[in-house]
Structure formats: structure tokens, C-alpha cells
Amino acid sequence: MSTYNGEKFLSDQIESFINQTHKAWHLFVHDDGSSDQTLNILSKYAQQDPRITVLSSDPHLGIKKSFLTLLEKNESPFYAFSDQDDIWEPQKLEKLTAKLESTASIEPALVYSDFKKIDAFNAPIMDKTITPGNTTYKSFLRINTVTGCTCMINLSLRNLLIQPLLNINFDLMYMHDWWAALVASAFGQVYFLPDQLVAYRQHGSNTIGAPKQRTLMNQLNKIFKLSDRYFLNGAAVQAKLFLQVYGKHLSTSQREDCQIVANLFRSWHPLSKHSKLVANHLLMQDNVYNFQTNILLLTPPKLRNSHLK
């Protein structure tokens with residue numbers, strides 16, 4: 001867990017760990033420089049439960065570096081990421097562990113689940129369920145369907161993630177959960193459980209929120225405003241970083257796919273770039289994203305770059 005000024009909901013989150021049916025867990029927490037009562041709350045729980053360890057480390061690592069460097073702190077068969085403000089269902093660890101154990105494989109693996117949304121008062125938010133996308137490498141190059149607080153990874157994936165940490169520019173990584181899913185899909189497996197195992201809290205202080213409910217007007221507005229341009233470009237920037245970090249370990253076809261995405265907005269060849277997306281099956285399942293991608297490809301580089309800053 002990585003915390004930052006999370007005093008309001010932190011106790012709910014930790015109590016949901018204590019209430020897990022799977023009792024063999026250990027919580028490692030990095031606090032990223034909180035100025036509220038977060039550290040006092042953590043210290044109280046650490047004194048009461050030996051399964052909770054608050055690490056003394058440099059603050060202000062940022063969410064991506066904080067989570068991935070936490071993986072270095074101990075060796076375990078499985079690892080789960082946690083936010084500071086959600087509530088885990090009691091069977092979350094039991095079900096995710098059972099899925100990874102059932103694969104009986106030493107290859108890198110990630111499993112994630114569905115979630116339900118709650119508000120700041122624990123009341124359910126009755127949005128339409130977001131259907132996860134394809135869990136293939138090609139899909140994860142373009143979009144992330146893994147919500148970090150719902151996922152668990154095995155030791156093999158953890159080792160792949162921590163080996164290059166010293167050489168990673170975290171500014172080029174979009175988010176740690178997407179990065180973990182991309183690595184797992186390239187070198188192992190990604191699994192999805194339809195069970196809603198996390199109450200994912202939506203409130204004004206979320207660093208990253210859940211996807212919003214889709215309506216026709218909302219989708220048309222997104223296309224008109226190119227609302228997802230930073231995300232679409234972020235995927236391309238992250239693909240370039242992925243090539244730098246893992247490129248020599250990718251197959252020829254994987255490397256080609258990654259290069260296509262990495263170079264998507266680097267020059268102005270809209271027809272050839274769109275053709276490569278089609279030929280390599282790299283179009284996204286959501287046509288709202290595809291429409292915005294095509295508009296960005298057709299936009300002259302200088303104007304496009306000004307929109308992506």
C-alpha cells in the first residue's frame with residue numbers, strides 16, 4: 001500500500017484486510033509524505049497487528065514508483081496492490097490466491113477482478129458495470145482494463161517488474177497497474193474474475209478514478225473535445241519505454257506491435273499508421289478511442305503536439 005494524506009478512509013481499508021478470510025497476509029506500507037494523521041493511524045494498526053509494517057523510506061516517490069519499489073521489500077508467492085480508501089470484500093485474497101494457485105505455473109501471471117463503486121459515505125454508486133476488455137498483449141499496448149486495487153501478481157511477475165527499476169523513467173510510465181498488466185501479457189498470462197471483490201471508492205481526492213458511465217452524449221462530447229488525447233498519447237509514450245526496458249526479450253511480432261504504438265504520434269503519416277493498426281489488429285475495441293486516434297493522426301504534427309502538451 002502507498003499512502004498520502006489518507007486519514008479519512010484509511011481505517012476502513014485496513015479493517016477490510018483484517019476481515020479477510022485468507023489470514024496469511026502481510027501489509028507493507030510506504031507513506032509518500034503525508035501531513036495529516038495517516039502515519040498515526042498506520043502506527044496504531046502496526047502496534048496492534050504484527051502483520052502490518054510501515055516502512056521508513058524516502059517520501060514523495062509518487063504513486064507509480066512507490067508501488068513498484070514496495071515489491072522489492074520482501075519475497076512472497078503473491079503480491080496485491082491496495083489503495084488507501086477502498087474496502088475489500090472478505091474473500092478477495094482467498095479468491096485471487098486460489099486463481100493463481102490453480103494455474104500451477106511458474107510463468108509471470110496477474111489476476112484481477114471486477115469491482116463495485118461506492119461514494120464517500122459507503123453508499124453504492126449504481127453505474128453500469130464496466131466490462132473488461134481483451135486481456136491480450138495487443139490490447140494492453142493501447143489500453144488498460146486492470147484496476148490496480150483489484151489485482152494480484154505472482155513471484156515470477158514481481159521479479160520481472162523489479163529487475164529494471166533503476167533504469168526506468170517513471171515519468172514515461174502511465175500507471176503501475178497498466179505497466180504490470182503489460183509485462184504479464186507480454187511474458188505470461190492475465191486472468192480476469194467477474195466477482196466484484198473491491199468496493200472502489202469515488203470521492204474528490206481520488207488520484208485515479210473509476211471509468212465513468214457511458215452515454216451517447218458523453219461519447220460524442222469526448223470525440224469532439226478529444227478528451228482522451230493525453231491518455232492515447234500516454235499509451236504511445238509508455239510503449240516506447242516498454243521497448244527500451246524489455247525490447248530485447250520480446251518476440252519479433254511483439255516488438256513490431258510495440259514499435260507501431262510507440263511511433264503512433266511521432267510523425268505525420270496518417271494513412272500508413274492507420275493501416276498498420278488495422279493490419280496488426282491494434283485497433284481498440286472502443287470506437288470512441290479509434291475516432292480520436294484517427295483525428296490525432298490527421299492533425300499536422302505542430303498543432304497535434306500543442307494539443308498534447
Side-chain angles (χ1 to χ4, degrees), residues 1-23 25 27-32 34 36-42 44-45 49 51-52 63-64 66-67 70 79-99 110-133 143-153 175-178 180-181 191-215 218-219 222 227 231:
M1 175 193 282
S2 179
T3 57
Y4 180 73
N5 288 347
E7 63 178 7
K8 189 171 183 180
F9 305 111
L10 183 56
S11 292
D12 283 352
Q13 179 72 87
I14 296 177
E15 290 292 336
S16 74
F17 301 153
I18 296 170
N19 293 330
Q20 290 294 299
T21 56
H22 181 94
K23 300 298 184 182
W25 54 264
L27 173 64
F28 291 87
V29 186
H30 163 79
D31 184 75
D32 214 35
S34 293
D36 63 359
Q37 293 299 309
T38 294
L39 281 171
N40 290 334
I41 295 170
L42 290 171
K44 181 193 75 171
Y45 277 102
D49 194 323
R51 296 174 298 178
I52 299 174
I63 186 172
K64 295 173 283 187
S66 179
F67 271 110
L70 272 171
Y79 302 80
F81 297 133
S82 173
D83 293 343
Q84 64 184 5
D85 49 10
D86 302 324
I87 299 175
W88 287 9
E89 294 298 317
Q91 289 186 305
K92 177 178 187 284
L93 289 178
E94 180 182 346
K95 290 188 174 184
L96 295 183
T97 301
K99 178 60 181 179
L110 179 151
V111 60
Y112 70 110
S113 75
D114 200 353
F115 59 85
K116 59 187 176 184
K117 291 190 243 180
I118 60 172
D119 64 17
F121 304 99
N122 294 356
I125 299 174
M126 304 305 294
D127 273 1
K128 188 176 179 180
T129 299
I130 304 298
T131 303
I143 192 170
N144 182 34
T145 58
V146 172
T147 304
C149 62
T150 72
C151 78
M152 178 179 285
I153 68 175
M175 193 52 66
H176 61 283
D177 50 8
W178 190 351
Y191 304 98
F192 172 70
L193 294 181
D195 311 59
Q196 293 183 333
L197 297 180
V198 174
Y200 189 18
R201 194 186 303 276
Q202 301 298 286
H203 57 91
S205 301
N206 286 86
T207 300
I208 300 291
K212 292 181 172 59
Q213 188 171 9
R214 296 164 60 88
T215 65
N218 173 266
Q219 293 178 71
K222 289 175 73 173
S227 300
F231 149 69

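The structure displayed is predicted, hence computed values, not measured ones.
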Practice problem: Start with the C-alpha gap between Gln20 and Glu94, add the side-chain angles, then the distance that decides, and say whether side chain to side chain contact (heavy atoms under 4.5 Å, CB included) holds. | Solution: CA-CA 8 Å; Gln20 290 294 299; Glu94 180 182 346; over 6 Å; no
Mind listing the closest non-hydrogen atom pair of [X] and [Y] along with its distance?
| X | Y | result |
| --- | --- | --- |
| Asp32 | Tyr4 | O-CD1, 3.3 Å |
| Ser113 | Leu197 | OG-CB, 3.5 Å |
| Gln13 | Asp85 | OE1-N, 3.8 Å |
| Gly148 | Asp177 | N-OD2, 2.9 Å |
| Thr38 | Gly6 | OG1-N, 2.7 Å |
| Cys149 | Asp83 | CB-OD2, 3.6 Å |

Side-chain heavy-atom pair [X], [Y] within 4.5 angstrom cut-off:
| X | Y | answer |
| --- | --- | --- |
| Leu39 | Thr3 | no |
| Ile52 | Trp25 | yes |
| Phe192 | Asp114 | yes |
| Asn144 | Met175 | no |
| Gln37 | Lys44 | no |
| Leu93 | Met152 | yes |

Distance from [X] atom [atom1] to [Y] atom [atom2], nearest 0.5 Å?
| X | Y | atom1 | atom2 | result |
| --- | --- | --- | --- | --- |
| Trp88 | Asn19 | CH2 | CG | 12.5 Å |
| Ile63 | His30 | CD1 | NE2 | 10.5 Å |
| Phe115 | Asp86 | CZ | CG | 9.5 Å |
| Phe67 | Ser82 | CZ | OG | 6.5 Å |
| Leu193 | Lys95 | CG | NZ | 8.0 Å |
| Ile14 | Arg51 | CD1 | CZ | 11.5 Å |

Quiz item: With Phe9, which residues qualify under ring pair (Phe, Tyr, Trp, His ring centres under 6.0 Å), at least two apart?
Solution: His203
Practice problem: Test Met1 against Phe17 for side chain to side chain contact (heavy atoms under 4.5 Å, CB included), laying out the working first. | Solution: CA-CA 11 Å; Met1 175 193 282; Phe17 301 153; 3.5 Å; yes
Exercise. Give the C-alpha distance, both sets of side-chain angles, the deciding distance and a yes or no for side chain to side chain contact (heavy atoms under 4.5 Å, CB included) between Gln84 and Asn5.
Key: CA-CA 9 Å; Gln84 64 184 5; Asn5 288 347; 5.9 Å; no
Quiz item: Does anything in residues 8-23 pair up under salt bridge (charged side-chain N to carboxylate O under 4.0 Å, His left out), and if so which pairs, sequence neighbours excluded?
Solution: Asp12-Arg201
Exercise. Check the pair Leu70 / Phe81 against side chain to side chain contact (heavy atoms under 4.5 Å, CB included), numbers first and verdict last.
Key: CA-CA 10 Å; Leu70 272 171; Phe81 297 133; over 6 Å; no
Quiz item: Going by atom types only, do Tyr200 and Thr150 share a side-chain donor-acceptor pair under 3.5 Å?
Solution: no
Quiz item: Quick check: does any side chain N or O of Ser16 sit under 3.5 Å from a backbone N or O of Ile87, one acting as donor and the other as acceptor?
Solution: no
